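What follows is a single structure, written as structure tokens, with notes after it.
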4 protein chains.
Amino acid sequence: MARDDKRELLLQATLELVATHGFHGAPCAAIAEQAGVAAGTIYRYFESKDVLIVELYAELEGRITTALMSGYKANQPIRDRFLHLAIGILKYFITHSLEFKYIEQFHNSPYGTAHRRDNLLGNTESSDAVRKCDIYKQLFTEGLELQVIKNLPMPLLFDLAFGPIVSVARNHILGFIRLDDALIEQIAEACWDSLKR
Amino acid sequence: MARDDKRELLLQATLELVATHGFHGAPCAAIAEQAGVAAGTIYRYFESKDVLIVELYAELEGRITTALMSGYKANQPIRDRFLHLAIGILKYFITHSLEFKYIEQFHNSPYGTAHRRDNLLGNTESSDAVRKCDIYKQLFTEGLELQVIKNLPMPLLFDLAFGPIVSVARNHILGFIRLDDALIEQIAEACWDSLKR
Amino acid sequence: MARDDKRELLLQATLELVATHGFHGAPCAAIAEQAGVAAGTIYRYFESKDVLIVELYAELEGRITTALMSGYKANQPIRDRFLHLAIGILKYFITHSLEFKYIEQFHNSPYGTAHRRDNLLGNTESSDAVRKCDIYKQLFTEGLELQVIKNLPMPLLFDLAFGPIVSVARNHILGFIRLDDALIEQIAEACWDSLKR
Amino acid sequence: MARDDKRELLLQATLELVATHGFHGAPCAAIAEQAGVAAGTIYRYFESKDVLIVELYAELEGRITTALMSGYKANQPIRDRFLHLAIGILKYFITHSLEFKYIEQFHNSPYGTAHRRDNLLGNTESSDAVRKCDIYKQLFTEGLELQVIKNLPMPLLFDLAFGPIVSVARNHILGFIRLDDALIEQIAEACWDSLKR
DNA sequence: TATGAATGAGGCTTCATTCAT
DNA sequence: AATGAATGAAGCCTCATTCAT
């Protein structure tokens, strides 16, 4: 078995266990078993469990960015571009529910807290995640200049745009609602309504 | 010391420790110390740590509902009532940051998952939380009938309304932005924009 | 059972296991079992296994100092005082072979290395061990002034005095020789011969 | 690369790692890395890590004996021969500090204990170490017959002669003193003083 | 009622050794 | 002969919970 395979098996096992049972339900022994390797093998691929957790998070952020980038056309109208991104991220979340759950677990955990602190202190090289934010940031900046979106601080624009998306994705994944393409588009448009001037 | 005092001390200690250090940083011994009681005493007031965690959550939901109820006038226009609630909940969160952090920790944890499962299965008697939801539900139902808010499933209306609020509160509490009354009102109005037809 | 009893049981168990099987043969589980307590109990009395190891060493040094002090008369001739100390320490070692073995294990271990480093850096408050050294130091200083012992740097005087004592004690304890009072006295006198001018 | 080269590299790597970091700091992986070979290769040259450790010890004893033999003249006076050996071994130790440290580590370890037990039980063929002892033994025997050294059991004579040497070497290597040729000679003479009648 | 010492299961990690390549 | 990935037993430590006082 190639080296990358086992690394991938471990990441996948971690994704599944953490997404379904939380960090609490993902001890090293369980991760290893789920991946079909011995416990000690984890440490050939990751310095520690913490590193495994964080690297998986980075990996997932990378995947999302890649997904969002595809089909994004910088020369379209702002509204269209926003809808493309909002619909794209929502669809990504609901078709990759394990990843969504993992990311949510991560954000509300000591790992996520440390991650935010590192970001604040600039302890990380520009990652894919940052680039993803940059697309939005650029979009919002452009919208502000053209006076098509509300004159609010950047973080609040993120909150208005992302807050409902995340919340909707969670409700779908938990089974409280069942989204279809029409609903997804309506949600995205409602988000735009909250942003546009 | 009256019986309820110690119970209250334990709840408060749990709130503080979980909010600031996460569940990970709130072992029973630390909770007891923070409350100024012995570790064993926890079990005279709560069946288990899990029960303590869940009861605190219920208690906090109750407090929020009480706060939102005050000043709520059912005979005002829908938009005004919505803004009252949105502004109220946002202000409550940022002035009770420990409670907000606790609730966020709770939602993303095995406790929160179980809690949601119980709600789905109807394993809980109608709680304050349910009553709080009822206010919104009633408001949204009325808005749907009057055709002033978008024709979307109820859970999605919740997401559009609450999603940004929670996200904004988090950013404020984490220090990424600093809200003032004007901003709070703008946020609430933006949420209304996403709801209204 | 009084608090100090269990602490004492743990120290004694550690002494026995380390002396007879080395640090390698004294895992926490074995120490706890030997002491008749659960493994977790160790951590109610000692911050970590390392601390247990180091505190036991300090305790043993204290006992030796106490033993040597008894009967020591500062107004006797230097030679008599030296013989008193040399005989005393040798007798102590061979009647407390576990303690002797433990101390030897300790010195040749990461613990002992760190301990020496701390002493060099002055990271420790003056301990009993230091006071014990002080008796010798004072004795040697006096001997140097009176020109009855060889004019050598202080550490070398220690080596000449202690080196054989430790070596003899080891051979006795390992069973290569069997000391009696007459031999002990001869050894002490031989050490004096190497010191005296 | 010739077979013996890798064996030698492994022995040297073990010497360096154990001397500087103790057995605790010399896992097989580190030894292999230091030697520039793969971990599994160790087992083509040594049955187990334990065997590697013990064979290195035997090797080092052999080197010391060889060094001491050189220039030793059996027809010199006893005192001169003793001084030659004492000075020789002390100089060897302080110019081969890694070897000295390794030997000290070895003596105070499960390996050393087992080694001594084997010696007692006669489980080993006569090794270089034994031959080294023989020189001393012969020297002491002769001294006893001529009544120039104290009438003490053989092991005690070893202790009086070697005890200070080892102790002095340790203090030099640890940096507590700095020996020069004059001091070394004084030390050797002091040792003789403790032996001579 | 309250205490807090004691428990022991279970978590993360290391490392000597094996074996397919 | 050599490699080094994989193994899994064993080590240290934490913590929810119990129970004698």
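Because the structure is a prediction, the values reported are computed rather than measured.
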Side-chain ion pair, C:Arg7 and C:Glu59, N-O less than 4.0 Å:
no

In whole angstroms, how far is the P atom of E:dT7 from the CD atom of C:Glu33?
13 Å

Atom CG of A:Leu52 and atom C1' of E:dT13: how far apart are they, to the nearest Å?
14 Å

Euclidean distance, atom NZ of residue A:Lys49 to atom P of F:dC12 [Å, nearest integer]:
21 Å

Would you say the rings of D:Phe106 and D:Phe23 are close, in the sense that their centroids are separated by under 6.0 Å?
no

Respond yes when some side-chain nitrogen or oxygen of D:Tyr45 is under 4.0 Å from OP1 or OP2 of F:dA2, and no when none is.
yes

Could you say whether A:Gly40 or B:Ala29 is positioned toward the 5' end of DNA chain F, judged by the nucleotide with the nearest heavy atom to each?
A:Gly40

Report the distance from atom CZ of B:Arg7 to atom C1' of E:dA2, rounded to the nearest whole Å.
18 Å

So, B:Glu61 versus B:Tyr57: side-chain donor-acceptor pair below 3.5 Å or not?
yes

Any D:Thr41 side-chain N or O less than 4.0 Å from OP1/OP2 of F:dA2
no

Taking the side chain as every heavy atom from C-beta outward, state whether B:Val18 and B:Leu98 have any pair of such atoms under 4.5 Å apart.
no

Using purine N1 to pyrimidine N3 plus N6-O4 or O6-N4 for Watson-Crick, or N1-O2 and O6-N3 for G-U wobble, each under 3.5 Å, what pairs with F:dT14?
E:dA9

Side-chain N or O of B:Lys6 less than 4.0 angstrom from OP1 or OP2 on E:dA2?
yes

Euclidean distance, atom CG of residue D:Leu17 to atom P of E:dC15 [Å, nearest integer]
12 Å

Distance check needed: E:dT3 P versus B:Leu10 CG, whole Å only.
10 Å

Measure from the side chain of A:Val37, starting at C-beta and using heavy atoms only, and say which of E:dT17, F:dT7, E:dA2 lies closest.
F:dT7

Return whichever of D:Ile42 or A:Glu47 has its heavy-atom-nearest nucleotide of DNA chain E closer to the 5' end.
A:Glu47

So, A:Gln12 versus A:Glu16: side-chain donor-acceptor pair below 3.5 Å or not?
yes

Nucleotide nearest C:Pro27 (side chain, heavy atoms from C-beta), chosen from E:dC12, F:dG11, E:dG8
F:dG11

Both distances below 3.5 Å, Watson-Crick or wobble geometry, any strand: find the nucleotide opposite E:dT3.
F:dA20

Assign each of C:Ala39 and D:Ser48 to its nearest nucleotide of DNA chain E by heavy atoms, then name whichever residue's nucleotide is nearer the 5' end.
C:Ala39

Select base, sugar-phosphate, or nothing to describe what C:Cys28 touches, counting heavy atoms under 4.0 Å on all strands.
sugar-phosphate

Return the pairing partner of F:dG8 with a 3.5 Å limit on both distances, Watson-Crick or G-U wobble; otherwise return none.
E:dC15

Return the value, rounded to whole Å, for the distance between atom NE2 of A:His21 and atom C1' of E:dG11.
17 Å

Between E:dG11 (P) and B:His24 (NE2): distance, integer Å:
15 Å

